[in-house]
J.: 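I have a structure I would like to understand better, so I am pasting it below and will then ask my questions one at a time.
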Amino acid sequence: MTGDTNRTDVLVVGAGPAGIAAATAAARHGLKTIVLDDNPSAGGQIWRDAIANPHAKKEAARERAIQSLRASGAQLLSGRSVFAADATGAVWAAREGGPQEEFRYQSLILATGARERFLPFPGWTLPGVFGAGGLQALVKGGYPVAGKRVVVAGTGPLLLAVAKHLAEDGAKVVRIVEQAPLKRLMSFAASLATNPAKLLEGLRFRPRAPYSTGCWVTEAIGATEGQKLSAVRISGGVKTWSEPCDLLAGGYNLVPNTEIAELLRCAFRGSFVRVDDSQRTSVPHVFCVGEPTGIAGLDAALVQGEIAGLACAGKSDAALTRRAAQGRAFADRLEKAFALRDELRSLPHADTIVCRCEDVPAGKLRDRLSWTDAKLQTRCGMGPCQGRVCGPAIEFLMQWRPVSVRQPILPVPMQAFFPGTTAAESAAQTETESIEERV
Amino acid sequence: MPETISVTINGAAQHVAAGTTVAAAMLIAGQPTRVSVSGERRAPLCGMGICFECRAVVNGIAHRRTCQIQCEHGMTVETNP
């Protein structure tokens, strides 16, 4: 591979809370530190910056963290998509319209965050159906929802935080639909009381909307065939009803972004990257922090990030180590409380699209034996998202473990490799590439 | 009042606040970002650069993730065919 080489002591991938904390700690101890991030600005998903919202106050914790990062001397490079990595100490990133860049590190800290889990159901490809965090991100990006009727549905503490945010932006949150049964939520909430620092943002700020537990959305209904959402069908097992709405914000908790860790052949613990008390993975010089090690939220991400940054400088802090252990226990409780119910497996009909990139319906997957078989026979998971959306859904629906990750882990324009290529040629190539990789 | 940016979406002028992402501008304009391989009109799903449902043609370049790009003056955006 060609391109610029940047050498650094510590390379952090991801500028969410975990990555910011890691980079700040490493740079403060005199290590040359570079942070790469895919987004236009730092903060990750939970600290995504909002525009055009007169009610939005700058989040104090985010502002402080970003200020500390700047003051630490770490270099933040936004708009960089990491598409390849190897264990000899190199990572490659693509930038919009530019040549690829190579980064060489002494220590690598993976802070790649998490994404929402989406489960397919009839109508989920209609315009007006968004992820829960997805709609929140789009609103922060300038999409106005004032006056719109929104159903927030799925599972996890994120639903309440999203409902609160949408209500602040003027949306009419007509119902929050949580698939976990009330009994499990109550015992989860009770467990939080013993650990007040972990109190969930969403549970504290429950908006004034009906909260239906033990219920789930079975169908999104368009006003006319294939057009704009007009209602969702909700089931509580015995009872079902229609809820008129303009938008659906739906997601089934979070799944970790572990593609780079997989490329580097880090050892896993279930779906998560296995780390020791210093956040070291099984691969020398590679650390992992935040959600890829277990979905534990903001506080755990900050603690783990700082631990890894200190470890790069040969330091440790016993208090941080104790807090990290509490975070891991919290992650386990969270996972149990919001475990997915079996009924969700029967939501897709034979003609319901499962792979949105390649439009593969559920009916075509039923007779397939494995992920590889499904890819070869149906092209499921072989579009531009490379199975990031349908992969976690299929793992739940079919119990197929994902197959190995290959680079480039994102579609990369040919321009990145051959800077002479025109944009149009490059775009044509991008399509070809995304089709050909990952059999 | 924030500064206003003018872009062209599928041939029609659209004015948005500075900092608005191209994905949000297409939602405001009521235009799909792309047409799927079986002909469905699609709009953004994840809002964070993962799902690729928001890819559209921006300034003549196809398959750009519009949720990761902010609107700029004079930008032309079209539904990805």
Side-chain angles (χ1 to χ4, degrees), chain A residues 38-41 44-45 48-52 79 81 96-97 113 115-116 118 124-131 133-144 226-228 251 257 353 356-361 379 383-386 388-389 410-411 413 415 423-424 426-428 430-431 434, chain B residues 1-5 7 14-72 76 78-81:
Chain A
D38 188 32
N39 295 284
S41 60
Q45 299 311 320
R48 181 179 279 268
D49 214 358
I51 70 136
S81 305
E96 197 58 60
R115 59 181 181 265
E116 285 186 273
F118 299 111
W124 78 300
T125 57
L126 283 176
V129 177
F130 299 91
L135 182 56
Q136 179 166 343
L138 288 158
V139 170
K140 286 183 173 182
Y143 175 46
Q227 296 294 328
K228 220 170 148 284
N257 293 324
I353 284 171
R356 298 170 66 118
C357 293
E358 296 289 337
D359 287 357
V360 181
R379 299 199 44 78
C385 96
Q386 302 188 355
R388 282 174 172 82
V389 173
L410 285 168
Q415 238 180 338
S426 181
T430 309
E431 179 75 333
S434 64
Chain B
M1 279 297 286
E3 189 198 348
T4 300
I5 306 266
V7 297
Q14 180 69 53
H15 308 288
V16 296
T20 301
T21 62
V22 177
M26 292 190 85
L27 286 169
I28 293 167
Q31 296 295 313
T33 45
R34 72 178 192 103
V35 177
S36 80
V37 296
S38 69
E40 287 187 2
R41 292 152 59 96
R42 294 281 172 80
L45 174 72
C46 81
M48 53 187 273
I50 295 278
C51 74
F52 286 77
E53 286 288 28
C54 74
R55 60 196 202 273
V57 184
V58 179
N59 289 338
I61 304 173
H63 304 295
R64 296 193 58 190
R65 288 178 294 168
T66 57
C67 74
Q68 301 293 82
I69 303 170
Q70 292 180 346
C71 289
E72 290 167 16
T76 61
E78 284 142 18
T79 297
N80 214 97

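Letters A, B, ... are given to chains in the order of the sequence lines, protein chains preceding strands, and every chain is numbered from 1.
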J.: Check L138(A) against G47(B) and note the closest heavy-atom contact, atom names and distance.
T.: CG-CA, 4.2 Å

J.: Within a strict 4.5 Å, meaning less than it, do heavy atoms of the Y143(A) and V16(B) side chains meet?
T.: no

J.: If you look at every heavy atom in C51(B) and C357(A), which pair is closest and at what distance?
T.: O-SG, 4.3 Å

J.: Which region of V37(B), side chain (C-beta onward) or backbone (N, CA, C, O), has a non-hydrogen atom less than 4.5 Å from a non-hydrogen atom of chain A, or is it both or neither?
T.: both

J.: Is any side-chain heavy atom of R65(B) closer than 4.5 Å to one of S81(A)?
T.: yes

J.: Please rank T33(B), I28(B), N59(B) by heavy-atom pairs under 4.5 Å with chain A and give me the top one.
T.: I28(B)

J.: Is it the case that the side chain of R42(B) and the backbone of R356(A) share a donor-acceptor pair, with hydrogens and angles ignored and the cut-off at 3.5 Å?
T.: yes

J.: Given heavy-atom pairs under 4.5 angstrom as the criterion, report whether the side chain, backbone, both or neither of P32(B) touches chain A.
T.: neither

J.: What are the two closest heavy atoms between P40(A) and Q68(B), and how far apart are they?
T.: CG-O, 3.6 Å

J.: If you look at every heavy atom in I50(B) and C385(A), which pair is closest and at what distance?
T.: O-CB, 3.4 Å

J.: So which residue, C46(B), C54(B), A43(B), G49(B), ends up with the most heavy-atom pairs under 4.5 Å with chain A?
T.: C46(B)

J.: Under the side chain to side chain contact (heavy atoms under 4.5 Å, CB included) rule, what do E116(A) and M48(B) come out as? Steps first, then yes or no, please.
T.: CA-CA 10 Å; E116(A) 285 186 273; M48(B) 53 187 273; 5.7 Å; no

J.: Looking only at side-chain N and O atoms, does T125(A) offer a donor or acceptor that is under 3.5 Å from a partner on R41(B)?
T.: no

J.: At their closest point, which heavy atom of F52(B) faces which heavy atom of P411(A), and how far apart are they?
T.: CZ-CD, 3.5 Å

J.: Find out whether E40(B) and L126(A) are in side-chain contact, i.e. whether some heavy atom of one side chain is under 4.5 Å from a heavy atom of the other.
T.: no

